[in-house]
There are 2 protein chains.
Amino acid sequence: MSKKQLLLKAAEAKVRTGGYNNFSFRELADEIGIKSSSVHYHFPTKADLGAELARQYTDNFLTNLGAPEALIAEGKKPIEVYLQQFQCALTEDKKMCLCGLLGAETDALPEKVKAQTQRFFEQNINWLTQAYQQVDGISEQAANGQAIATLSLLEGAMLVSKAMNDTAIFATASAGLLIKR
Amino acid sequence: MSKKQLLLKAAEAKVRTGGYNNFSFRELADEIGIKSSSVHYHFPTKADLGAELARQYTDNFLTNLGAPEALIAEGKKPIEVYLQQFQCALTEDKKMCLCGLLGAETDALPEKVKAQTQRFFEQNINWLTQAYQQVDGISEQAANGQAIATLSLLEGAMLVSKAMNDTAIFATASAGLLIKR
DNA sequence: ACCTATGTATCTACTGATAGATAATGTGAA
DNA sequence: TTCACATTATCTATCAGTAGATACATAGGT
């Protein structure tokens with residue numbers, strides 16, 4: 001794994017714990033054994049690092065999911081798979097969603113980072129809209145509403161679980177998604 | 001309004017915009033026209049200020065709501081009132097819920113602040129549990145599940161609305177709460 | 001020679017925090 | 001009433017630590 005990827009990995013852990021202001025170039029450098037000035041070689045500014053972090057997080061998140069059609073073709077329920085991806089992020093990493101945290105503090109972020117964070121939500125709403133259209137056979141508009149509600153519920157469930165320091169809360173909050181209809 | 005309250009008011013705006021690390025004693029002091037050292041007179045440490053901020057926010061939030069029984073007695077629907085309190089926080093202040101943001105970054109907070117943040121969620125879940133018990137006549141356990149789901153949905157709806165910079169998203173995400181049952 | 005990746009050294013700005021002075025106000029006793 | 005002291009709220013000045021960023025040098029591979 002390249003130093004650049006190691007830097008992003010270290011940054012992800014810090015941002016998902018305490019937000020964009022919760023990491024510094026010095027901390028990241030120390031953690032992977034280089035100097036802070038060398039971090040500037042890979043990422044000219046902190047905003048560049050933050051934007052790349054959100055970009056990769058979004059891409060990995062969607063790649064791991066796969067397309068809704070593909071999941072259906074495999075006999076899987078897309079919303080169930082989607083829910084589990086959120087649950088894993090919470091229970092395995094014991095951390096908030098990166099873009100959930102960044103989204104909450106969006107008005108304090110550099111423009112680049114804000115744009116990449118917004119992209120995460122756009123792509124996730126698109127994914128869920130497609131999933132609901134295909135599973136429930138509803139209109140795009142209705143599916144879009146469902147998508148926004150589902151995304152909101154899951155981001156909120158992570159947030160409340162973290163705040164209460166109780167992962168069982170996520171399961172309780174999201175239980176309704178599975179028995180619906 | 002006392003200088004102490006003015007400091008808390010200025011801090012609230014900053015924290016609700018960018019989290020606990022998004023304010024400094026100097027900024028607050030400049031904003032209300034005193035010196036940073038004077039802020040330490042009112043709040044010995046930053047953690048003390050943060051804890052008091054979360055404490056007052058929680059108390060004001062619940063006071064403004066009123067007890068669920070009292071709302072029912074006035075012919076109001078508690079869940080509707082609760083939803084509107086969240087919506088106002090988002091549309092009037094154009095900011096995230098203070099404790100929503102603090103809850104998301106809970107693992108990076110001083111112990112004092114974390115404890116007060118957790119208290120916000122406990123109290124809100126209690127309030128909603130009582131509301132659901134009284135409105136729907138369901139068991140405490142079932143009502144508690146509903147409470148957690150509702151709180152999660154609303155915190156998430158605020159978060160996604162902020163991230164997408166579109167307050168209409170909050171309405172879309174929370175629409176399901178009103179037509180339920 | 002060039003490119004990639006790192007290091008040394010340093011800059012300015014800001015952080016939370018502290019010590020100690022000052023002024024205004026309040027309070028209790030002679 | 002007046003003097004002595006205490007309390008409240010602010011100030012000036014300063015500290016050590018950390019922030020992001022830069023200029024420039026260096027080492028190793030092509």
Side-chain angles (χ1 to χ4, degrees), chain A residues 1-56 101-102 105 107-117, chain B residues 1-56 101-102 105 107-117:
Chain A
M1 199 180 233
S2 71
K3 290 279 167 71
K4 187 168 183 170
Q5 283 304 313
L6 287 172
L7 285 170
L8 288 169
K9 189 180 159 194
E12 180 183 321
K14 298 208 179 276
V15 175
R16 286 179 65 187
T17 300
Y20 183 73
N21 291 319
N22 198 44
F23 77 95
S24 73
F25 276 34
R26 275 177 179 72
E27 285 175 323
L28 298 189
D30 285 353
E31 221 161 287
I32 72 159
I34 60 174
K35 296 294 170 181
S36 75
S37 58
S38 302
V39 180
H40 284 279
Y41 170 77
H42 298 287
F43 305 99
T45 67
K46 187 174 179 177
D48 291 318
L49 196 161
E52 176 66 9
L53 183 59
R55 202 191 59 74
Q56 287 199 12
L101 229 168
L102 291 178
E105 54 188 22
D107 290 340
L109 296 179
E111 215 52 53
K112 282 180 182 182
V113 185
K114 195 186 302 194
Q116 287 302 322
T117 303
Chain B
M1 201 181 231
S2 70
K3 290 280 169 71
K4 188 167 183 172
Q5 283 303 313
L6 287 171
L7 286 170
L8 288 169
K9 189 180 158 194
E12 180 183 320
K14 298 208 178 278
V15 175
R16 286 180 63 186
T17 300
Y20 182 74
N21 291 319
N22 197 44
F23 78 94
S24 73
F25 275 35
R26 272 177 181 71
E27 284 176 322
L28 298 188
D30 285 351
E31 220 161 288
I32 72 160
I34 60 175
K35 296 294 170 181
S36 75
S37 58
S38 302
V39 181
H40 284 280
Y41 170 76
H42 298 287
F43 304 101
T45 69
K46 187 173 180 177
D48 290 318
L49 197 161
E52 176 65 9
L53 183 59
R55 201 191 59 74
Q56 287 199 13
L101 229 169
L102 291 177
E105 55 188 21
D107 290 341
L109 296 179
E111 215 52 54
K112 282 180 182 182
V113 185
K114 194 186 303 194
Q116 288 301 323
T117 303

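Here is the naming used below: chain letters follow the sequence lines, and residue numbers restart at 1 for every chain.
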Using a strict 4.0 Å threshold on nitrogen-to-oxygen distance, state whether Lys9(A) and Glu12(A) make a salt bridge. no

Which of parallel (below 30°), tilted (30 to 60°) and perpendicular (above 60°) describes Phe23(B) and Phe25(B)? parallel

Where [X] and [Y] come nearest, the two heavy atoms and their spacing:
| X | Y | value |
| --- | --- | --- |
| Leu109(B) | Lys114(B) | O-CE, 3.8 Å |
| Ala54(A) | Leu102(A) | CB-CD1, 4.3 Å |
| Pro110(B) | Ala47(B) | CB-CB, 3.7 Å |

Could you tell me the separation between the [atom1] atom of [X] and the [atom2] atom of [N], rounded to a whole number of Å?
| X | N | atom1 | atom2 | result |
| --- | --- | --- | --- | --- |
| Asn21(A) | dC14(C) | CG | C1' | 13 Å |
| Asn22(B) | dG16(C) | CG | P | 11 Å |
| Ile32(B) | dT10(D) | CD1 | C1' | 11 Å |
| Lys14(A) | dG20(D) | NZ | P | 12 Å |
| Tyr20(B) | dG16(C) | OH | P | 8 Å |

Is the distance from OP1 or OP2 of [N] to the nearest side-chain N or O of [X] less than 4.0 Å?
| X | N | answer |
| --- | --- | --- |
| Lys3(B) | dT10(D) | yes |
| His42(B) | dT8(D) | no |
| His40(B) | dT10(D) | no |

Run through Leu49(A), Asn21(A), Asn22(A), Leu53(A) and flag the one making a side-chain contact (heavy atoms from CB on, under 4.5 Å) with Val15(A). Leu53(A)

Are there any protein N/O atoms within less than 3.5 Å of an N/O atom in nucleotides 11-13 of chain D, and if so, which ones and at what distance?
| from | atom 1 | to | atom 2 | distance (Å) |
| --- | --- | --- | --- | --- |
| dC11(D) | OP2 | Lys35(B) | N | 2.6 |
| dC11(D) | OP2 | Ser38(B) | OG | 2.9 |
| dT12(D) | O4 | Ser37(B) | OG | 2.8 |

Judged by atom type as modelled, is there a donor-acceptor pair below 3.5 Å linking the side chain of Glu105(B) to the main-chain atoms of Tyr20(B)? yes

Can you figure out which of dG20(D), dT6(C), dA9(D) approaches the side chain of Tyr41(B) most closely? dA9(D)

Are there any protein N/O atoms within less than 3.5 Å of an N/O atom in nucleotides 16-19 of chain D, and if so, which ones and at what distance?
| from | atom 1 | to | atom 2 | distance (Å) |
| --- | --- | --- | --- | --- |
| dA19(D) | OP1 | Ser24(A) | OG | 2.9 |
| dA19(D) | OP2 | Ser24(A) | OG | 3.4 |

Return all side-chain donor-acceptor pairs below 3.5 angstrom for residues 26-44 of chain B, not counting sequence neighbours, or 'none' if the list is empty.
| from | atom 1 | to | atom 2 | distance (Å) |
| --- | --- | --- | --- | --- |
| Glu27(B) | OE1 | Ser24(B) | N | 3.2 |
| Glu31(B) | OE1 | Lys14(B) | NZ | 3.3 |
| His40(B) | ND1 | Pro44(B) | O | 2.9 |

State which residues pass salt bridge (charged side-chain N to carboxylate O under 4.0 Å, His left out) with Lys112(A); sequence neighbours excluded, sorted by chain then number. Asp48(A)

For Lys46(A), give me all partners under salt bridge (charged side-chain N to carboxylate O under 4.0 Å, His left out), at least two apart in sequence or on another chain. none

When you compare the protein's N or O atoms with those of nucleotides 23-27 of chain C, which come within less than 3.5 Å of each other, and at what distance?
none

